Amino acid sequence: MKEYTFFPGCSSEKSASAANMEHSVQSMCKMLGIQLNEIDDWNCCSASIGYAGGGQLPRLAMSARNFALAKQQRGNTDLVATCAACWLAMRETAERMEHEPEVKADINTALKEANLSYDGGIKTRHLVEVLIEDVGWDVLKSKVKKPLQGLKVAGYVGCQTNRPFGIVGESYENPLYLDKMIEATGAIAVPYPKKVSCCGGALMFTEVEKSCALVRDLLQCAVDNGAEVIVTPCPVCQLNVEVYQGKINQMFGTQFNIPVVYYSQLFVLAWGGSWEEAALHQQVVPADALRRFA
Amino acid sequence: MAYDLSFARDVYKNSEMGHWIKMCKQCGVCAGSCPLGPHWEFSPRQLFQMVRAGKKEEVLKSHSMWMCTSCYNCIVRCPRGLPITHIVHGLARYASVKGYADPDQVTNRFATRIFWTNIVSTGRVGEAMLTMRLYFVDGIAAGIKQGLEMKDSALGMLKAKRLNPIPLRGKIKGYAGFQAMLTKAQELEEKRESGV
Amino acid sequence: MADDQAAGQTILVVGGGISGLTAAVEAAEVGYKVLLVEKDPHLGGRVAQHYQYFPKLCSPSCGLEINYQRVKNNPLIRVMTLAEVEDIQGTEGNYTVRIRQNPRFVTEKCTGCGDCSRACTVTVPNPFNFGMNEIKAIRASHAMAYPGHYFMDAAYARSAEAQTLVSVCPVGAIDPNMSATTLEEKVGSIVWATGWQPYDAEKIQPYGFGRFANVSTNMRFERLANTYGPTGGTLTRPSDGKEIKNIAFIQCAGSRDHNHLPFCSRVCCLASMKQATYVRSQFPDAKVTIYYIDLRAMDRYEGFQKKVEADPSITWIKSKPARIDEDPVTKDPIVVGENTLTGVRYADPYDMVVLATGMEPNSATTARVPAQAVAYDEYGFVVKGGQVLSTGCTATPLDVAAAVQAGTAVALKAIQSAARRG
Amino acid sequence: MEAKKIGCYICTGCGIGEALNVAALEKVASKEQKIPVTKSHPFLCGTEGIALIRQDMANEGVNALLIAACSHRNKTDEFEFNIPLLDRVDLRDKVLWVLEDGSKDSTAKEDLQMMAADYLRMGSVKLKKMNAPDPFLESGFSKDVLVVGGGVAGLTAAKEVADTGYRAILVEKSDQLGGMVARMHKTTPTLPPYRTLEDNPVQGLIAAVEGHSRIKIYKGAAIHKTQGAPGLFDVTIHAGGTETTERVGSIVLTTGYNLYDPAKLDKKLGYGSSPDVVTSLEFEEMAKAGKIVRKSDGKPAKRVAFSLCAGQRDSNHLEYCSAACCSYSLKHALYLMEQYADASAYILFQELRTPGQMEEFYRRVQEEGGVIIKGDVEKVEKAAAGGLTVQIHDKLVRGKEQLEVDLLVLATGMVSSVDTTDPNNPSPVGQVAEDAARYVLNLQYRQGRSMPELKWGFPDSHFICFPYETRRTGIYAAGPARRPMGIAETITDATGAALKAIQVVESVARGAAVHPRSGDLSYPSFRAEGCTQCKRCTEECPFGAINEDEKGNPLFNPTRCRRCGTCMGACPQKIISFANYSVDMIGSMLKEVEVPAEDEEKPRILLFACVNDAIPALDMVGQNRSKLSPYIRIIPLRCMGSMNLVWVADAMSSGFDGVLLMGCRHGDDYQCHNVRGSSLAETRLSKVSETLDRLQLESDRVKMVEVNIMDADTLPQLINDFAAQIASLAPNPYKEF
């Protein structure tokens, strides 16, 4: 059983917006024999717009605390994140501590107040990287029991899983791993040009119209290219693209009603997991298109 | 006086990643890369040249920096390797700290007053509380209106067990230390930002 | 030779493009022995692939022809094509080099009659045209190729048909069983002139080269405009053969960019201005747009810029485009960005977009110098301080005239170096 | 010299044997042309074929070869016998490959045979008329190199010449060496990582040159006269009140540049309005002196604006770009920021031009805080607090801005210091001492004392492909004298010029020509008694090779000559010729063509083609197997400039129905390797109608076209259309005679 230190992030908490991701991720890992050891007493990564309230040091310190706890609890075991924003914030913190000694010093001065310290050493990885590098495509394919034959899926990579760091070996403009995952489940990855366009991210809270316009374009593009389902690795994308469809329909007089699920949910389903194990009962837009494979 | 560099130098020194502003060669690739580009009064490269031109008020009072969705397109495309997203975040923070940023700018308000308070009060984001605070920031009436507008989504979330009106969990266990850490961090941050 | 000049020291010139060719010919015409080694089956390098030179809009073949005549008429120059320098031992004035002679599969007996090519049924993507069309597997590289005798692709040489060609050749020049040989040569000095390759446009992801049919590159466009190119010189686009009457050129596609080539490739601005004239002269109603950061028409080339600027059908936009989208229906590339002089954002469709890709020195990749002491800069250009002398675009990005100056200069340094005993 | 014995060898390979009656061709050679040895071989360029020829040379005493096979551009190595008398008749590329295959059609077969036979005839006559050139060799050739101008370019050229083992004579007009660069503080980076300023190289160069045993230096010197020709230049130098004459082989012109006069700049730039508006050179000198201060009051100058393109790229001032100013101005900004930690450097640019690795230096200057502004200076005023208020139009923040600065530095441009003049309006040669100052070399050339210019006062002649060539053989310009350039490029350029200078003296010593006919041993000889002093040759020579005596007789300078034959083409008296190329030779060749009688309805069209571009293009027509009219007969010319009108008259009087001339592009972007050859030919042809009228023939029987080497795709139509047009005219009545 392969073990990783795990940072779920706020949205993956019980009854939080990405509870469906968290639940399906757990099912998926069980099926792969992967154990995710959650950092005990982790705190928010202060991602997205934490910069404005926190500025750089408090923001970075928050991720540093999670590193420090992880080190205490699990040593240098790879730290896995499932949320794009958390993963990005952790990687940014690690990078800046590595390249900017004064930042590292200040962070540790702050950590000291919590009787903690961290001088690096833990590798931060996205769960997707674990699947590709540690598990491997062959295994991912071999697990399929119920191929999602004929299902047309638009892989929506979004921004923060893709930039500025991105999944190892993928390109910024045309990452292919998500399409490969879709195909690994036996489904059809529909080509469409907006797979790395922006959903508005945290601005969905404040610049609703502007953000909804972005999501509208994305949905339109996916639908125009024949997608029945949208799949994404990112909780921010998932939330914005799924939950706001009603609002968008009001705003633009559109009729969108397309399920938006996580890659983990697709895998669990294709690997023979139940509707519940795949947390597909936790969708706001019912994932009816997937019913036929349940 | 144009191109008086005192403002620019303060930004170089005290705004996050601000020193990179020196390096912009004004190619414009950032502007075209931004998903909300058309909504920026001044594109990143314009902001950078304005900083160098000493246009402090126009830069800091502008809403442009608050238009960043953090998509990082500009960072990966900038031919001079400027961490544009972070520079823009830095400028937003700088404007807010120096008291130039419009307090009613929605994102400024949400980011500084709601989001940050939310996470520091418990150590984690309480999504329900966050949205409530967001809706009611303009008072009860506006809050209800907002809430009603979003009620379908909210209900959907509730049904999907992805939104919990009553937070299950209070503060994180190590909250005291967490808070002490933040206080110290803030103290250091203010020192840095005030340029001493 | 001058009184105290130690004569007879051979000068090795590696690379038969305009820089190496110039170095070889100039040194030989002073009276020195030169060994010119070229990896391709023909001399001429990059310039041979160009349709016209700026600013005179004349064919490179005109100057190349006279240089080839100088080579032919000069017994002091020995040319080896399909050859690569594998190893350099020794010291200045006294080097021993190992040269790999790759098989041509056609001997010097070849009269260039073309019977074999006509008999050959196998075609391959034409490397001289960047694979934009097909060409016979046994051939001369192009119409002006020197040396003129034919060669066969190695892969084809192993085929059964290749064997049948042996009897097709009236003078028995074909030998598919030819194999590579290596030889050692003693030389006094070494000039590295391996030139450049166009930067791989696929790496500039936002511009979609390789994903979008109608996004091309400046070097490909040289072939497209050429009578001997894939379209016989008519400017039509790949997706649907439509005439290219609304075209955009994007400068600094890879150059001046820390994600790609941090340096400026010097010639791309002028090349795009030149290519704008190709389009304008072929289609009087054509429109051209040039996206640039800084227009770099140095020194006297400014006159050419002025001339092109006088054409009202050419629009200049100071902007590095952010990305190119493709219209799903028309396949028109759509250029997206901000005009930095107006602050206005644009998303403009074109029949074709040409990326002005820059010069990547071969010495950074495929033509490293196999010597003990070599000085490179961080981009892979060969600079002063090592055992070999470098010239032309192996030292810095240059236009043709400047490359000829540099090639002439290095010939003198090579003469001095050859005479020096290390 | 032993008697000429011609051997004619006909190759029957590549289908020649099948398509042509070779026996008949052999008869043409042996019986009709009386060639003593005539043979054919199935694979002449093969080992056997070559052996056959060598045997005859050894055993039969054959010493002149007529090789009838493929184009002279093929198989040059195989057919190299190291003898001066050799000609190639192209039966394959220009006959077989461009005519209809005669296997079915008897007329086609006949046309093939006629064309082949005519070319064999022309080749035979050509070879008969051809003599081995006897190279021009004189005692007294010098291999020393004169370098004029002691700046970085001159110092480099002299050093490189001397380091290669030759003697250099360096002439500098001022009292010390170093030129412009000596006035500079530091230089821009030339070595990785291209970020740091480098020490001025000039002192090191001066030391090397002054200490060199093979370099002789004249300072405070002026050249009062440059007489002679490559190998034989006699240069009269005045220095320190004494006159010396030096014999040199070649000359490198490195007189550098003058800066554009800032007083001439637009008033808005403010030069002269305040001492705090300075040129970049003045700023250099200030930095070199140590302190960067306001000229007005000597206070430290910490805020400085650098205005690029001060006159450059401006049709009212200098139309061209000075190439180096952008980098220099960035360097100046760095001087400032290195001197004052709190300095403000503003670079006002139009197009920031830092080619190649200099882009990294641009980054460095921004890293140090240098501010770039794309904008124009609109107004400069003295500021109350001292210094200046500069109003700019800022194109990036889009508006008018007021800059408060201590200094405004104007990056003025480079102007060539080489005196040039239109060769068609030469300045008179006479007593020159009094205006020695005006001229650099004071060439004692019939075409004038100056260097002919290409453009904007720059004296090169073969821009792009052969940048060192000028229109004065053996004189090479280098550095900013020939094109605006920075120091690094100047050093490279001067090294190249040094090579060319050495190359020409070595060529002269062998009696050989330099570019474009490098290695050619022939040179024009002239029959004085026939001369009418018409001066056409002396005026038309593109390289000013021919002087005149007081009576107006031409005085040839063989080592100035590029062997283009323009003089020969110009001469109405037909008295100028080369051992292996003459009016008589070409005339006899065309007369040798068998012109069919009128009733045969086979017109004949003579086609004069330039060997440089038109002939290779015609070879490609053959390679493409494109078909040409069977009525054409091609005669290659060295250059259209050698085209003598008498040939057109001869062609007409011997029954040709039309004449087509194919020369290189002329005009501003000329491609003629001899600069003016094709344009001169065109000028001469404008007078041809007279000749035709005299013969009562239509003037459109003669036509000249510009042919580019890559025109193989359009040539067939061009030629065939002309043939059709000629065919539409009545046959030339002179056929019968």
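Since we're looking at a predicted model, the values are computed, not measured.
The residue among C:Thr342, C:Thr391, C:Val47 with the most heavy atom pairs within less than 4.5 Å of chain D is C:Thr342. If you tally non-hydrogen atom pairs under 4.5 Å between each of C:Ser265, C:Pro262, C:Pro55 and chain D, the highest count goes to C:Pro55. Note on C:Phe381, C:Tyr146, C:Tyr376, C:Tyr228: by heavy-atom pairs under 4.5 Å with chain D, the leading option is C:Tyr228. Among the candidates C:Met359, C:Gln305, C:Glu378, the residue making the largest number of heavy-atom pairs closer than 4.5 Å to chain D is C:Gln305. Comparing C:Pro60, C:Gly148, C:Ala402, C:Gly63 by how many heavy-atom pairs each has under 4.5 Å with chain D, the most go to C:Gly63. Counting heavy-atom pairs closer than 4.5 Å to chain D, the top residue among C:Tyr379, C:Phe54, C:Tyr68, C:Tyr51 is C:Tyr379.
The pair C:Arg300-D:Asp460 counts as a salt bridge, with a side-chain nitrogen and a carboxylate oxygen less than 4.0 angstrom apart.
The shortest heavy-atom contact between C:Val30 and D:Gln503 is CG2-CB, 3.8 Å. Of all heavy-atom pairs spanning C:Cys113 and D:Arg625, the tightest one is O-NH2, 2.6 Å. Considering every non-hydrogen atom in both C:Asn226 and D:Met710, the closest pair reads OD1-CE, 4.3 Å. The shortest heavy-atom contact between D:His515 and C:Ile66 is CE1-CD1, 3.9 Å. Here the closest non-hydrogen pair linking C:Ser59 and D:Asn708 is CB-OD1, 3.8 Å. Residues D:Glu359 and C:Phe263 share a closest heavy-atom pair of CB-CA, 4.2 Å.
For C:Val383, the part lying near chain D is the side chain, with the backbone staying farther off; criterion is any non-hydrogen pair under 4.5 Å. Interface residue C:Tyr292: only side-chain heavy atoms are found under 4.5 Å from chain D. For D:Leu96, no part lies near chain C; criterion is any non-hydrogen pair under 4.5 Å.
Side-chain atoms of D:His673 and C:Cys62, non-hydrogen and from C-beta on, do get closer than 4.5 Å to each other.
Every residue two or more places apart in sequence or in another chain that forms a side-chain contact (heavy atoms from CB on, under 4.5 Å) with D:Ile50 is listed here: D:Arg54, D:Glu78, D:Phe79, D:Phe81. Contacts of D:Arg398 classified as side-chain hydrogen bond (donor to acceptor under 3.5 Å, both in side chains), with partners at least two apart in sequence or in another chain: none.
Remark: the backbone N or O of D:Asp77 is not paired with any side-chain donor or acceptor of C:Lys72 at under 3.5 angstrom. Between the side chain of C:Gln416 and the backbone N or O of D:Glu160, at least one donor-acceptor pair lies under 3.5 Å. In terms of modelled atom types and a separation under 3.5 Å, the side chain of C:Glu302 and the main chain of D:Cys321 share no donor-acceptor contact. D:Lys395 contributes no side-chain N or O that, together with a main-chain N or O of C:Thr340, makes up a donor-acceptor pair within less than 3.5 Å.
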Could you please spell out the steps behind the side-chain contact (heavy atoms from CB on, under 4.5 Å) verdict for D:Ile502 and C:Ile415? CA-CA 11 Å; D:Ile502 291 168; C:Ile415 287 169; over 6 Å; no
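Using the six-membered ring where Trp is involved, D:Phe463 and C:Tyr301 have ring planes that are tilted, between 30° and 60° apart.
Judged by distance alone, the side chains of C:Thr396 and D:Gln357 do bring a donor and an acceptor atom under 3.5 Å apart.
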